[in-house]
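Shown next, in structure tokens, is the structure this report addresses.
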Amino acid sequence: MIRKGFTMKLKQSAGEEYARRHAAIWPEMKDMIRRFGGHNYSIFLDESSGVLYGYIEVEDEKLWAESARDPVCRRWWDYMAPLMDVHADSSPVTRELKPVFHVD
């Protein structure tokens with residue numbers, strides 16, 4: 001498994017709605033994540049800054065990158081776009097984090 005860490009940014013006061021939408025994540029979105037080799041996916045919110053910290057384990061970088069073209073993923077991005085910083089195609093603005101420590 002490949003461990004990936006990244007950040008995203010919420011718009012001001014969007015934390016509760018972001019959490020509400022993820023608490024009711026679509027079953028097809030969960031299936032899509034798994035279909036493209038995603039496992040053990042977590043997102044954490046720093047409420048003081050609105051920064052989201054994501055962690056996911058993926059089976060294969062190329063397979064995971066293909067998920068961005070999946071219609072379910074695109075719909076989810078459109079659904080979440082009003083709450084966060086996004087690109088013109090509604091994909092979240094992300095910043096990859098450099099791994100510096102891990103222990104099993």
Give a yes or no on whether [X] and [Y] share a hydrophobic cluster (residues Ile, Leu, Val, Met, Phe, Trp, Tyr; joining criterion: side-chain heavy atoms under 4.5 Å apart).
| X | Y | result |
| --- | --- | --- |
| Leu52 | Tyr41 | yes |
| Ile56 | Tyr53 | no |
| Trp26 | Ile33 | yes |
| Met29 | Leu63 | yes |
| Leu10 | Leu97 | no |

Let me see the working for Leu83 and Lys11 under side-chain contact (heavy atoms from CB on, under 4.5 Å), right down to the final yes or no. CA-CA 6 Å; Leu83 305 179; Lys11 293 181 178 174; 6.0 Å; no
Tell me every residue that passes side-chain contact (heavy atoms from CB on, under 4.5 Å) with [X], counting only those two or more places apart in sequence or in another chain.
| X | value |
| --- | --- |
| His87 | Asp89, Ser91, Val93 |
| Asp70 | Met32, Arg35, Phe36, Val72, Cys73 |
| Tyr55 | Arg3, Asn40, Glu57 |
| Ala81 | Val86, Ser90 |

Let me see the working for Tyr18 and Met8 under side-chain contact (heavy atoms from CB on, under 4.5 Å), right down to the final yes or no. CA-CA 12 Å; Tyr18 184 89; Met8 300 175 286; 3.8 Å; yes
Excluding sequence neighbours, so at least two apart, what forms side chain to side chain donor-acceptor pair (under 3.5 Å) with Arg34?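 So Arg34 forms no side chain to side chain donor-acceptor pair (under 3.5 Å) with any residue.
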Give me the atom names and distance for the closest heavy-atom approach of Glu59 to Ile2.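 That closest heavy-atom pairing would be O-CD1, 4.2 Å.
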Could you work out, with ring pair (Phe, Tyr, Trp, His ring centres under 6.0 Å) as the rule, every residue matching His39, not counting sequence neighbours?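 For His39, no residue satisfies ring pair (Phe, Tyr, Trp, His ring centres under 6.0 Å) once neighbours in sequence are set aside.
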Could you tell me which residues satisfy ring pair (Phe, Tyr, Trp, His ring centres under 6.0 Å) with Trp64, sequence neighbours excluded, listed by chain and number?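 In terms of ring pair (Phe, Tyr, Trp, His ring centres under 6.0 Å), with neighbours along the sequence ignored, Trp64 is linked to no residue.
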Sequence neighbours excluded, which residues qualify as salt bridge (Lys or Arg N to Asp or Glu O under 4.0 Å) partners of Glu17?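 Counting only residues at least two positions away or on another chain, Glu17 forms a salt bridge (Lys or Arg N to Asp or Glu O under 4.0 Å) with Arg20, Arg21.
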According to salt bridge (Lys or Arg N to Asp or Glu O under 4.0 Å), who are the partners of Arg75, at least two apart in sequence or on a separate chain?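 Result, salt bridge (Lys or Arg N to Asp or Glu O under 4.0 Å) vs Arg75: Glu28.
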Quick one: side-chain hydrogen bond (donor to acceptor under 3.5 Å, both in side chains) pairs with a partner in residues 42-52, sequence neighbours left out?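 Of all non-adjacent pairs touching residues 42-52, those that pass side-chain hydrogen bond (donor to acceptor under 3.5 Å, both in side chains) are Asp46-Ser48, Asp46-Ser49.
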All pairs passing salt bridge (Lys or Arg N to Asp or Glu O under 4.0 Å) where residues 94-104 contributes a residue, at least two apart: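 For residues 94-104, and leaving out neighbouring residues, the salt bridge (Lys or Arg N to Asp or Glu O under 4.0 Å) pairs sorted by first residue read Lys4-Glu96.
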